[in-house]
Amino acid sequence: MSKRPLLCVRDLHKSYGKRDAKFEALRGIDLDIFEGESVAIIGKSGSGKSTLMHLLALLDKPTSGSIKLSGKDTSKLHNRKLNELRNKEFGFVFQSFFMNSNDTVLNNVILPLKISGVGFRERRRRAMEALKIVELDDKAKNKANDLSGGQKQRVCIARAIINNPKVIFADEPTGNLDSATGERIEKLLFGLNEKKGITLIIVTHDQDLADKCQRQIHIADGQIFKESYREDFDGDGDNDGMRDNNNIHHIDIEEE
Amino acid sequence: MKILDIIKDANANLLRNKLRSFLTILAIFIGSFSIISTSAIQAGVNDFIDSQVDSYGGDGYLAIVSKDSFDALEGLQGSMGDGNKTPIEYNPDKIQTGMSPITDEQMEKLKKIEGIDADSIVEQKTLDITYITSKETDKKYLVAAEALPPGNVKVDVVTGKQLDLRADEYQIQLEQKYVSALGYTNEDIIDKEVQLVVVDEYTRAEKTFDAKVVGVIAPGVVSMGQQYTNNKLADDIYEENTKYYPDEIKTQTFAVAANFDYEKYSVDDIKDKLEEIGLSGMTIEDIIGTIKTFFDVILTVFKIFGLIALIAAAIGIINTLFMSVQERTREIGLDKALGMSSSKVFLSFSLEAIALGFWGSVFGITVSMILGNLVNTAFHAEGGFLEAFPTFNLATYTIPDIISVTVLIMVIAFLSGTLPARRAAHKNPIDALRYE
């Protein structure tokens, strides 16, 4: 694991609405995510974990604070550059898949390459490679709708890796799946993390899934209240500044 | 994203909700159908009028009378409607009411006007023929004939050929109705002789002119009722008609036809120059202008109806696309999350609107062309409404018309698409992904 933080987050705030209706989703997040890590952002619904992921994935802009990607301040980037970064550096896996169910598996997988303007042959070749990795290359011509839930999620993973991303953001990737299928998806994701060194950021409320990540960041009320490491993993990341957090008690009470 | 991919997707998206797309295209179809159909009819009518203009001497043709005659004619016509014009004074030098001849001096000046082809100037004579008959029939028919005007005249003929104006024999082109009446068919009358008879009003003596039929005139609006003769026949009949006239009147000229160089000189220029020497010129456009205006007004009304239909169709496009933006909210969210720019999202919906417009206009034009050809054929068939006008196609489709209608509709479709396309482009990817 490299010591260089891939994503460096400082004093991140995000609020919605104005004046009386103002709602603070994130209230000062400091976080470093290193290349090749697998990180779980865990919290209950409404804790701000999804908002954090959206900000990390550059899908939304923070109210204040900074996010540096590979050392570059993303707030200074133009929309065009942000679009390009999401297209080239990130992969997305969502709980409810987000596929064009009437289209073929192949066409769903090539979407990121189509957006970036890769030629027909090249994107087809790379889509077949990605589908081979998720073991669905024989279903390329099938309609996405005819697949099972697990297969759909594997197609989404293929779509997420087709552009050889640095980071995969997975939002409750197993949320809609039974445990056996969920396990297969988990294996696939962690396999990509280990073998290809793709940084994995999983947003979940499922403790079992979070436990499989090297690092878990617990979020409640828009703040990080706890960070922990997988037992077999010795967390030597430079995270000391974020270890102690006053909100622990507050959250513990809420969880009861 | 490549433009070709966006175009393909736009068309694919239309097929996702076939019924809705079909209904929207149907609305555009109605608009495009009515616009292209009226354009085609307009083109058909104009073509017809143009061919009539050609048969009358083409764009360079001028009918010239003295200004006094022209005013007198206008005065006579005007005095029928309102009493504002003053009555015309008696003038012993004039042999027809209100008509005054073109003087020799004016004729000389006319020949010198720049732009007018002096060689083309020909006197227009009214021929008084008592009847026409042939060896194939005992019947005698009334007939009106005149010398063919000079210049690049091309009479629309069904069979036969053009007159040889300078030929030393008598030549005539007849309307179709005389052909069967005189006991011939269109084909076998060519090169046969018919008899034009002038009866002396005082002596009842008959003088017969044997004229060779060189062509059968296609029916038309402008030439209606006129047979055309070559110069020699016209001159000799005129000579017979005017044999009792005093010499000074016999040699008077009341109207001439001339050609002018319409490519180099404007009609107004020439008319002004004629005015200066006391003459008045009329082009074919002036003569048949009213017919054209009449058609133009009717067709413009139909075109406006077509445009109203298109505006209704445009609202249909807006509605359809708003629904499709709504339905595809999550898809738009995903596209944007995966790095598609707002402008590409805008473009993809705009292209969908343009595709709707394109297909609507293509179907409208195709159906209109099929119907137009059927109508043309039906009208020209025996008993059809245009049977008498074989050269008149009611609907004529020109490439510029087809292209301009298609482009117009695509532009309207694009403009209607901008509203929904903007909404799609401004969607926030996160909200869009959360949308249920």
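Chain identifiers are assigned alphabetically (A, B, ...) following the order of the sequence lines, protein sequences preceding nucleic acid strands; residue numbering begins at 1 within each chain.
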Closest contact, heavy atoms only, Gly117(A) versus Lys2(B): O-CE, 3.1 Å

Exercise: identify the closest heavy-atom pair between Lys336(B) and Arg86(A): O-NH2, 2.7 Å

Segment of Arg328(B) engaging chain A (4.5 angstrom heavy-atom cut-off): neither

Can you confirm whether more than 12 heavy atoms, excluding those of [X], are under 6.0 Å from its [atom1] atom?
X	atom1	value
Arg20(B)	CZ	yes
Arg80(A)	CZ	no
His13(A)	NE2	yes
Lys303(B)	NZ	yes

Proximity breakdown for Asn100(A) and chain B, heavy-atom pairs closer than 4.5 Å: side chain

Where does Phe90(A) contact chain B at under 4.5 Å (heavy atoms): side chain, backbone, both or neither? neither

Could you give the distance from CG (Leu111(A)) to CD (Glu331(B)), rounded to the nearest 0.5 Å? 8.5 Å

Between the NZ atom in Lys8(B) and the CZ atom in Phe120(A), the distance rounded to the nearest 0.5 Å is 6.5 Å

Among Ala337(B), Ser342(B), Ser343(B), who wins on heavy-atom pairs under 4.5 Å with chain A? Ala337(B)

Name the option with the most non-hydrogen atom pairs under 4.5 Å to chain A; the candidates are Leu4(B), Ile6(B), Asp9(B), Asn428(B). Asp9(B)

Under the side chain to side chain contact (heavy atoms under 4.5 Å, CB included) test against Lys114(A), which residue among Asp5(B), Leu338(B), Asp335(B) passes? Asp5(B)

Quick one: of Asn102(A), Asn83(A), Leu113(A), who has the most non-hydrogen atom pairs under 4.5 Å with chain B? Asn83(A)

